[in-house]
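First the proteins, then the strands, lettered A, B, ... as listed; each starts at 1. Source: prediction; values computed, not measured.
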2 protein chains.
Amino acid sequence: MCSASHRCWEGAITTNSGFVVKRRAVLERGTTLFQQGERFTAVHVVASGCLKLRETNEDGGERIVAVRLPGELVGMEAWARGRYPYTAEAAAPTKVCQLQWPHAKGCAPSTALLERLLRKTAVQLEHSTRVWMSLPAIERVAAFLDHFAQHARPSVDLPITRAEIGSLLGLAEETVVRAIARLRAQQRLDMQGRRIARVVRERREPGAQGR
Amino acid sequence: MCSASHRCWEGAITTNSGFVVKRRAVLERGTTLFQQGERFTAVHVVASGCLKLRETNEDGGERIVAVRLPGELVGMEAWARGRYPYTAEAAAPTKVCQLQWPHAKGCAPSTALLERLLRKTAVQLEHSTRVWMSLPAIERVAAFLDHFAQHARPSVDLPITRAEIGSLLGLAEETVVRAIARLRAQQRLDMQGRRIARVVRERREPGAQGR
DNA sequence: CGCCCATTTGACACCTGTCAAGCCTAGTGG
DNA sequence: CCACTAGGCTTGACAGGTGTCAAATGGGCG
């Protein structure tokens, strides 16, 4: 029974809900939870810290697919395909919960587990449709920083570089830097180095070029 | 028992697998399966045709969130939130299967159903991470047209306007038009009006501006 | 025919990627 | 303690991609 279960499952989890946390792991910064291409073994939930999901393209190029913050699922995508499509690396000291997988031998699939998983996956699916595609660079950066500031537990400094933010958002490193500078100039962002104090999302600028 | 179940669930579905299709509906072009903001009632699977998922922003702006082709889930995102986050409209004559929802009265949740749903949702989640973000406009258009041509069953003309493609890809309508023109000039696309005959994805151009 | 809408094309501005250079901090070794 | 290095961060110059505005073309339908 996880003492922080309310954070992950937003609701009381009864001990006989079918939920089993097989293992809780602590990852040092820089260590990987699994590598891209590895066989699927389990789904994890981030308990604290931050994971960055890195994908190596067939051309050898790398890109950050996503960052996962406390409460978010990691590795669900690998279930259908059998292999993890990305590498999960701890961007900061991170705790993860490995969920008992229904098909483990001698363990009948639990309806409650499946429902919870399905619900959580649906949430992530919805979130992934809320893409900031077609927003100008400055708004994408603001949205990302805001999201990070809202969900990082415990409140930590940004554990990734500007270049990685750019990779994540589909922007060049320099564009991220300039967007941050402009947000600060507009009083929309209070941030020094990697420490975020305050972010204001989407204050509309008249005449701004949409996309 | 759906005669085309192999398409939706990629594998034989036994009659007692726990899968129940509650209702099969035929939607004329322009009719909606559900409206944004409506209470969640069920998850559907597209059997044939094409749905376009439209979202009205708080600013009143509309954007196409996605198109759903045969075999894809519709409405899963609404389960967790309770309301549909987008309007699902038939872009072409469309058949959908409404899945029996586990929590319907008197119907115990079926493990098999949940597993299938979860697997399918995971596939969609993975697909949504494969965003063509940071690709130049021409490649995004090529990828979309290729995806549509591959998955449309039966093979139909593109049921959406260039402006809608642009909205979906985060591009301006004119950019989509010009991308199509350039793809045709490069012999990568055989398409007249809305009829796609052939698409070639990602032929690399040296010196192309990445993003 | 006349209207409406989708599609296309052109001109232009600006956002953003690329290249280059410099600054800053942390870490290392002398 | 200080020189040195490496990597992250910042800034500038420039070009190309893309959004915006405007207008023309074409097709469907009353």
Tell me, yes or no, whether the heavy-atom count around [X] atom [atom1], taken from other residues, nucleotides or ligands under 6.0 Å, exceeds 12.
X	atom1	result
Arg29(A)	CZ	no
Arg81(B)	CZ	no
Arg198(A)	CZ	yes
Arg182(B)	CZ	no
Arg195(B)	CZ	no

* Tyr84(B) and Thr41(B) side chains, donor-acceptor separation under 3.5 Å ->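 A pair is found: one side chain offers a donor N or O, the other an acceptor, under 3.5 Å apart.
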Protein-nucleotides 28-30 of chain D N/O pairs closer than 3.5 Å?
none

Check the distance between [N]'s [atom2] and [X]'s [atom1] and give it to me in whole angstrom.
X	N	atom1	atom2	result
Ile160(A)	dG7(D)	CD1	P	19 Å
Glu139(B)	dG17(C)	CD	P	16 Å
Arg182(A)	dC15(C)	CZ	P	6 Å
Met133(A)	dT18(D)	CE	P	14 Å
Gln192(B)	dA6(C)	CD	C1'	17 Å
Arg140(A)	dG17(C)	CZ	C1'	13 Å
Ile180(A)	dG8(D)	CD1	C1'	12 Å
Asp157(A)	dG8(D)	CG	P	16 Å

* To do: List the atom of Cys50(B), the atom of Pro159(B), and the distance in Å for their closest heavy-atom pair.
  =>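 Minimum heavy-atom contact is SG-CG, 3.7 Å.
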* For Arg63(A) and Ser167(A), work out which heavy atoms get closest and say how close. =>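 For Arg63(A) versus Ser167(A), the nearest heavy atoms are CA-OG, 3.1 Å.
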* **Main-chain N/O of Gln36(A) paired to Thr87(A) side chain as donor or acceptor, under 3.5 Å** =>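 Between the backbone of Gln36(A) and the side chain of Thr87(A) there is a qualifying donor-acceptor contact (under 3.5 Å).
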* Give a yes or no answer on whether the side chain of Arg39(A) reaches the backbone of Arg83(A) with a donor-acceptor pair at less than 3.5 Å. =>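 Side chain of Arg39(A) to backbone of Arg83(A), a donor-acceptor pair under 3.5 Å: no, none is there.
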* Asked: About how many Å separate CG of Asn57(A) and CD of Glu62(A), when rounded to the nearest 0.5 Å?
  ->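 One finds 10.0 Å between CD of Glu62(A) and CG of Asn57(A).
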* Asked: What does the inter-axis angle of the helix from dC1(C)-dG30(D) to dG30(C)-dC1(D) come out as, five pairs per end, nearest 10 degrees?
  ->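 The two end axes of the helix from dC1(C)-dG30(D) to dG30(C)-dC1(D) meet at 30°.
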* Asked: Does Thr175(B) have a side-chain nitrogen or oxygen under 4.0 Å from the phosphate oxygens OP1 or OP2 of dG19(D)?
  ->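 For Thr175(B), the contact criterion (side-chain N or O under 4.0 Å from OP1 or OP2 of dG19(D)) is met.
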* **Any Arg162(B) side-chain nitrogen or oxygen under 4.0 Å from OP1 or OP2 of dT7(C)** =>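 Result: yes.
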* To do: Give Arg194(A) one of three labels, base, sugar-phosphate or nothing, depending on what nucleic acid heavy atoms sit under 4.0 Å from its own.
  =>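 Result for Arg194(A) = sugar-phosphate.
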Can you name the atoms? Protein N/O to nucleotides 19-26 of chain C N/O, anything below 3.5 Å, with the distance.
unit_1	atom_1	unit_2	atom_2	d
dC19(C)	N4	Glu174(A)	OE2	2.9

